[in-house]
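So that the names make sense, note that chain A is the first sequence line, chain B the second, and so on, each numbered from 1.
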There are 2 protein chains.
Amino acid sequence: MNATHRGDDERSYHHGDLRKALLQTCCEHIACQGTEGLSLRALARQAGVSPTAPYRHFDSRQALLAALATEGFEELAESMAAADRDDPIEALFECGRNYIRYAEANPVKYHLMFGDVIGDFSGHEALFEAARHCYALLEAKLVNGQESGALRGGDVRELGGTVWAMVHGLAGLVITARSKAAQAPLADILQIAPLRAQQAVAEAPERALLRLMEGLISDPADLAGLWKRWGAEKS
Amino acid sequence: MNATHRGDDERSYHHGDLRKALLQTCCEHIACQGTEGLSLRALARQAGVSPTAPYRHFDSRQALLAALATEGFEELAESMAAADRDDPIEALFECGRNYIRYAEANPVKYHLMFGDVIGDFSGHEALFEAARHCYALLEAKLVNGQESGALRGGDVRELGGTVWAMVHGLAGLVITARSKAAQAPLADILQIAPLRAQQAVAEAPERALLRLMEGLISDPADLAGLWKRWGAEKS
DNA sequence: GCAGCCATGTTTGCAATGTCAACATCATTT
DNA sequence: AAATGATGTTGACATTGCAAACATGGCTGC
């Protein structure tokens with residue numbers, strides 16, 4: 001099977017799965033060298049193909065990055081959708097937690113998704129759609145919580161924007177704390193090294209997330225329950 | 001005075017203040033075209049000098065961007081330091097508000113400061129120092145609040161990181177809401193256009209900021225006072 | 001089984017860029 | 001007025017993104 005794969009010959013005209021190889025190599029390259037010096041030609045070199053071979057798979061350098069970011073949004077959506085608790089408050093909290101965990105586990109893609117590397121999503125329809133879908137997931141959970149009365153009311157778009165922005169900020173912080181210093185200006189600023197102790201890094205953002213939820217929940221009793229469950233889960 | 005300035009001749013060997021002109025042009029260029037296609041040669045062209053003239057003022061392309069970011073941090077520090085109310089809670093709130101306002105007013109520089117354009121601060125000593133100083137200002141206000149008992153205790157570095165991350169997230173959102181779409185992926189995702197009504201944009205982040213402070217303040221009564229003062233100020 | 005199609009790689013070519021080195025010009029100091 | 005250092009210029013080189021035009025070889029219809 002796998003007719004496209006050519007077996008184990010070393011040299012051959014066709015590569016096997018250059019597209020995937022490029023995406024992979026690109027990720028690694030960004031993780032080490034950052035996004036600045038990245039060149040399609042270098043990727044091609046590393047994959048052992050001719051300098052312009054990548055253009056058979058991606059229209060442009062931007063398109064490669066966009067493809068990676070699209071993958072990221074799809075995976076992020078999957079993570080967010082995995083938070084399907086019955087209780088809307090818990091669902092929302094878990095959604096945020098999964099979001100942060102995804103960012104932490106995939107800093108390079110997250111960086112591409114929200115950094116300024118791509119600049120403008122227009123012209124990358126798939127990317128745009130994937131991103132939109134992600135936000136829709138959050139908004140759905142918010143609406144759900146509002147309708148059940150668990151979350152306080154208000155314009156859901158403003159609420160969603162605020163929540164996303166703050167969780168995004170936390171995610172950025174976590175990434176910063178994890179990565180040595182590459183592509184992480186905040187790390188230096190915040191002198192974050194001490195935070196790197198495993199547990200502190202894991203718990204701090206979740207505590208922050210819980211605090212964020214204080215602003216969203218209608219009945220304080222609900223929140224107390226959430227803290228309690230969280231504490232229990234940790235031990 | 002101003003011996004370096006050459007008067008109003010049109011063409012002459014020396015430019016007058018090329019350094020400033022480059023920084024300025026660079027800002028404009030980024031505001032329109034984004035940071036991706038930016039080239040020193042294009043800047044030189046626009047300034048009417050030879051392609052390599054900029055190298056007399058900046059060691060490299062990165063160094064130019066770093067200089068701009070450094071300026072940004074210095075100005076941001078100024079804004080933050082301007083929040084010198086006696087009451088530590090009010091001082092902190094105003095600090096955050098000024099932070100967001102600065103970001104809103106200087107999206108390009110803010111983008112350079114916290115985006116991934118520069119990548120690594122090491123090697124740009126001045127930039128590093130300016131950024132560090134900014135964070136020190138926040139931390140000082142937090143410590144101040146803790147010592148006076150107004151803010152809840154806890155590791156000030158974790159607290160500072162969280163606060164900074166969230167405010168940073170909000171700032172990003174505001175910038176996104178202001179700018180049409182250039183260099184603002186979040187804008188598309190959040191479908192933020194409706195938020196652009198002047199007042200909503202101005203008030204939403206401040207409300208979010210107040211909610212953020214709910215998590216910091218020891219005595220709820222203090223917070224109530226803050227909300228009240230804020231409401232009064234608005235009217 | 002084989003002739004041809006089409007996805008995938010290759011070569012060649014061009015304009016633009018970052019950066020270096022050697023040179024020119026000017027303002028200022030001695 | 002001559003020297004000097006700061007600023008701008010010219011020329012050169014390797015690298016890059018991207019566009020054609022060309023090559024290869026696995027698949028499909030006969």
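For B/Arg41 against C/dT19, a side-chain N or O and a base N or O form a donor-acceptor pair under 3.5 Å.
Using a 4.0 Å heavy-atom cutoff across all strands shown, A/Leu43 reaches no nucleic acid atom at all. Using a 4.0 Å heavy-atom distance criterion, B/Leu38 is classed as a sugar-phosphate-only contact. Residue A/Arg61 is in sugar-phosphate contact alone, with no base atom involved, counting any heavy-atom pair closer than 4.0 Å across all strands shown.
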- Task: Go through the steps for B/Arg61 and A/Glu36 under the test salt bridge (Lys or Arg N to Asp or Glu O under 4.0 Å), then give the verdict.
- Result: CA-CA 11 Å; B/Arg61 195 189 107 120; A/Glu36 186 70 18; 3.0 Å; yes
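For A/Arg56, counting side-chain heavy atoms from C-beta on, the closest listed nucleotide (D/dT7, D/dA21, C/dG18) is D/dA21. If you check D/dC18, D/dG8, C/dT19 against the side chain of B/Tyr55, the one that comes closest is C/dT19. The side chain of B/Leu40 approaches C/dT19 more closely than any other nucleotide in the set D/dC18, C/dT19, D/dG8. Minimum atom distance to the side chain of B/Ser39 is reached by C/dG18, of the listed D/dG8, C/dG18, D/dC18. Of the candidates C/dT17, D/dT9, C/dT11, the closest approach to any side-chain atom of B/Arg45 belongs to C/dT17.
In this structure, B/Arg19 atom CZ and D/dA6 atom C1' are separated by 14 Å, rounded to whole Å. Spacing between atom CD of A/Gln62 and atom P of D/dT16 amounts to 17 Å, rounded to whole angstrom units. Rounded to an integer number of Å, the gap from B/Glu36 CD to D/dT16 P is 15 Å. Atom CG of A/Asp59 and atom C1' of D/dA19 are 12 Å apart (whole Å). Going from atom CD of B/Gln33 over to atom P of C/dT17 covers 12 Å, rounded to whole Å. One can place CZ of A/Phe58 at 16 Å from P of D/dA19, the figure rounded to the nearest angstrom. One can place CG of B/Leu22 at 12 Å from P of D/dT7, the figure rounded to the nearest angstrom.
In this structure the side chain of B/Tyr99 reaches within 4.5 angstrom of the side chain of B/Tyr110, judged on heavy atoms. Using a 4.5 Å heavy-atom threshold, the side chains of B/Leu38 and B/Gln33 count as separate. Between A/Glu206 and A/Arg101, some side-chain heavy-atom pair lies under the 4.5 Å cut-off.
In this model, the phosphate group of D/dA6 is not approached by any side-chain N or O of B/His57 to a distance below 4.0 Å at OP1 or OP2.
Each of B/Pro51 and A/Thr52 was assigned the nucleotide of DNA chain D with the nearest heavy atom; the assignment lying further toward the 5' end belongs to B/Pro51.
Residue B/Asn144 places its CG atom among more than 12 non-hydrogen atoms of other residues, nucleotides or ligands, all under 6.0 Å distant.
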